[in-house]
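One structure is given here, and the rest of the page talks about it.
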Amino acid sequence: MTPEQLSSAIVDVLATLTDEGSVVLADGVPSSASVERPRQKGHGDYATNVALQLAKKAGTNPRALAELVAERLTGVEGIADVEVAGPGFLNISVDAGAQGVVAAQIVAAGDAYGSSDAFAGEKVNLEFVSANPTGPIHIGGVRWAAVGDALGRIFAATGAEVTREYYFNDHGGQIDRFSGSLLAAAQGRPTPEEGYGGQYIHDIAAAVVAQRPDLLSLDDAAAQETFRAVGVDMMFAEIKKSLHDFGVDFDVYFHEDDLHRSGAVTRAVERLTELGNTYEQDGALWLATERFGDDKDRVVIKSDGTGAYLSGDLAYYLDKRERGFDRCLIMLGADHHGYVGRMNAMCAAFGDRPGVNLEILIGQMVNLLRDGQPMRMSKRAGTVVTIDDLVGAIGVDASRYALARYSSDSNIDLDLDLWAKATSDNPVFYVQYAHARVASILRNGADLALVADPESFDPALLVHDKEGELLRALVEFPRVVAAAAELREPHRVARYLEDTAGSYHRFYDLCQVLPQGDQEPSDLHRARLMLVAATRTVLANGLALLGVSAPERM
RNA sequence: GCCCCCGUAGCUCAGCUGGACAGAGCAGCGGCCUUCUAAUCCGCCGGUCGCAGGUUCGAAUCCUGCCGGGGGCACCA
């Protein structure tokens, strides 16, 4: 018996009561009832507040309505007990057998367990990281690499068709500053004002020179052009490799420069002009974003005739829509939150719906702590912490887990010393250890010729407190995944896994799974083995959604 | 000045989109290993949910105003 089944059982009872006239609901019978795991022990396996929510519409008091529902619900198969409590809660206890059968269902579903069709048929475009190719990816970009990729996996699990995109800003002035910095480094001059410093600039400059030895005999303009052409590609290859090593690969690397060269920018601007949303002033072309909720109007074509940064975004958005994406999500750091207003306004100016067709997610800043002290970062001094630094310090699994474990709304302080530890302080180890323990039992069981077998599985034997607790945790998984997709909050999966790992560890502590010594395997051993196998399915599937490995041994 | 995010136990954070006496991990104190991996488990200690109003049968959760922290307010990208 799952919470979903319980919900429809409650709805059925309400329908029956309505049909026979003992209850009259103003808005009719709801399509579902909220079913939750109570926090408090002694409040049953599940609790629902339907009576509290419907009492007013039924023109009665909550407890009276609850009593009516409880009476009918008690007779439903699989439900062991129903109590009315407090102001009108229904506390429901489920039959061990009805609860236990889900273990076999989870094992049968395997990799697909947790998936749903909540977003079936939707084409979702996820744009994230999109760091400028002027340096390695720093810590802020890494947060989105972890969170964005996890979100992509979660969306895919809910049936969406997901495309991951990286917008490659290879058009504007920062590329000039980058190539200028390479040239200066190659010539042994100091980093130009507004340029990029750091060891990587020297490394790339040297690599470019090695590839093009003739370079230094060219005049500065030609040399810089070569540094641009070759250096940007090298930088980009390095970024791609770092991301790949991090377990993140994009389906599309979109070049801003292409939008300008192909005329896509011109077309997008023309479209907005046809819609009456642009005007000329001071020699520039403006987009009237203020009428769509932005603070003020924005320049699209600068007075020198070149496109402002926004012009690329316009064209890029239009391009995504023309490629058939219903939902375009863009993930940005908090330092870009000023963009949200104009981007949403731009979306509306095209006649689309902001928040639906275009959704901008803002992630707050990440600080790193070492020895309890914040690490100072400076782009000019080249003391930026990069993706490779982070992975080098704590590894891919801990990096991804640590970054995906917190709400993106919070700025976070990551203690590198903690996340590097292989101890229980470190949440990723807690979860992975649970998986390793599961794997170990399954291995040992196999040695005894014991496997989780649906034929011999008797779910009614799983009557222990900790078995029930674990089963109820496992059953939550699909709801958690769906909520994580709906709310764009991958951290819910991580928190859920910690909770479930805890339930497993407690079960493990009190319930012996395998026969000991010369003991003959009993049906209880087999039933518990099925529960363990189901736990493996959930932990492995959950970790996979976060892009974190599920080790067989630790 | 305006905009966005945050403010919950000593620390780091959850809190199922308003529900029952506020949760977890760590830190502190105290327990359990001849038995499936003790990186686990159990108990104790610990909170005016920043402050003040409001909405509600019910508020950490919604609204308003303050206070504190972080990040932004270019014809840069």
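Because the structure is predicted, anything quoted here is derived from the model rather than measured. We name chains A, B, ... by the order of the sequence lines, and we start the count at 1 in each one.
B/rU64 is paired with B/rA52 under the criterion used here, namely a Watson-Crick or G-U wobble arrangement in which both key atom distances are under 3.5 Å. With both pairing distances under 3.5 Å, B/rC73 is matched to B/rG1 as a Watson-Crick or G-U wobble pair. Summarising the base pairing, B/rC21 is matched to no nucleotide, lacking a Watson-Crick or G-U wobble pair whose two defining distances lie under 3.5 Å.
Straight-line distance between the C1' atoms of B/rG53 and B/rC29: roughly 42 Å, to the nearest whole Å. The separation of B/rA22 from B/rA59, taken at their P atoms, amounts to 13 Å, rounded to a whole angstrom. Spacing between B/rG23 and B/rG46 at atom P, rounded to whole Å, works out to 15 Å. Distance check on atom P: B/rC16 versus B/rU55 gives 24 Å, rounded to whole Å. The gap from the P atom of B/rG15 to that of B/rG50 amounts to 15 Å, rounded to the nearest Å. On the C1' atoms, B/rC26 is 14 Å away from B/rA14, given to the nearest whole Å. Comparing B/rG47 with B/rC11, their P atoms are spaced 13 Å from each other, to the whole Å. Between the P atoms of B/rA24 and B/rC42, the separation comes to 10 Å (whole Å).
In this structure, A/Asp295 atom CG and B/rC2 atom P are separated by 12 Å, rounded to whole Å. In this structure, A/Glu489 atom CD and B/rA14 atom P are separated by 10 Å, rounded to whole Å. Between the C1' atom of B/rC75 and the CH2 atom of A/Trp286 lies a distance of 7 Å, rounded to the nearest Å. As rounded to whole Å, 15 Å separates atom P of B/rG19 from atom CZ of A/Arg37. Distance CG (A/Leu310) to P (B/rC76): 12 Å, rounded to an integer number of Å. Counting to the nearest Å, the P atom of B/rA39 and the NE2 atom of A/His505 are 10 Å from each other. If you take CZ of A/Arg506 and C1' of B/rA39, they are 16 Å apart, rounded to a whole angstrom.
Between A/His491 and the phosphate of B/rG15, there is a side-chain N or O to OP1/OP2 separation shorter than 4.0 Å. An OP1 or OP2 oxygen of B/rC75 is reached within less than 4.0 angstrom by no side-chain nitrogen or oxygen of A/Ser311. OP1 and OP2 of B/rC2 both lie 4.0 Å or more from every side-chain N or O belonging to A/Lys296. Using a 4.0 Å cut-off, no side-chain N or O of A/Arg405 falls inside it from OP1 or OP2 of B/rA14. Between A/Asn169 and B/rC76 there is no side-chain N or O to OP1 or OP2 distance below 4.0 Å. For the OP1/OP2 pair of B/rA24 and a distance below 4.0 Å, the side-chain nitrogens and oxygens of A/Tyr430 include no atom meeting the criterion.
One N or O donor and one acceptor, one from the side chain of A/His337 and one from the base of B/rC3, sit under 3.5 Å apart. With hydrogens and angles ignored, no donor-acceptor pair closer than 3.5 Å exists between the side chain of A/Ser410 and the base of B/rC6. Counting atom types as modelled, A/Asn49 pairs a side-chain N or O with a base atom of B/rG19 as donor and acceptor under 3.5 Å.
For the residue pair A/Tyr309 / A/Asn169, a side-chain donor-acceptor distance below 3.5 Å is found, with atom types taken as modelled. Remark: the A/Asp297 side chain and the A/Tyr279 side chain contain an N/O donor-acceptor pair separated by less than 3.5 Å. Between the side chains of A/Asp304 and A/Thr306, at least one donor-acceptor pair of N or O atoms lies under 3.5 Å.
Stacking of A/His43 onto the six-membered ring of B/rA20 is present: less than 5.5 angstrom between centres, less than 30° between planes. Aromatic stacking is marked for A/Phe89 over B/rA20, as both cut-offs hold: 5.5 Å for the centres and 30° for the planes.
Contact annotation for A/Asp304: no contact, since no heavy-atom pair falls under 4.0 Å across all strands.
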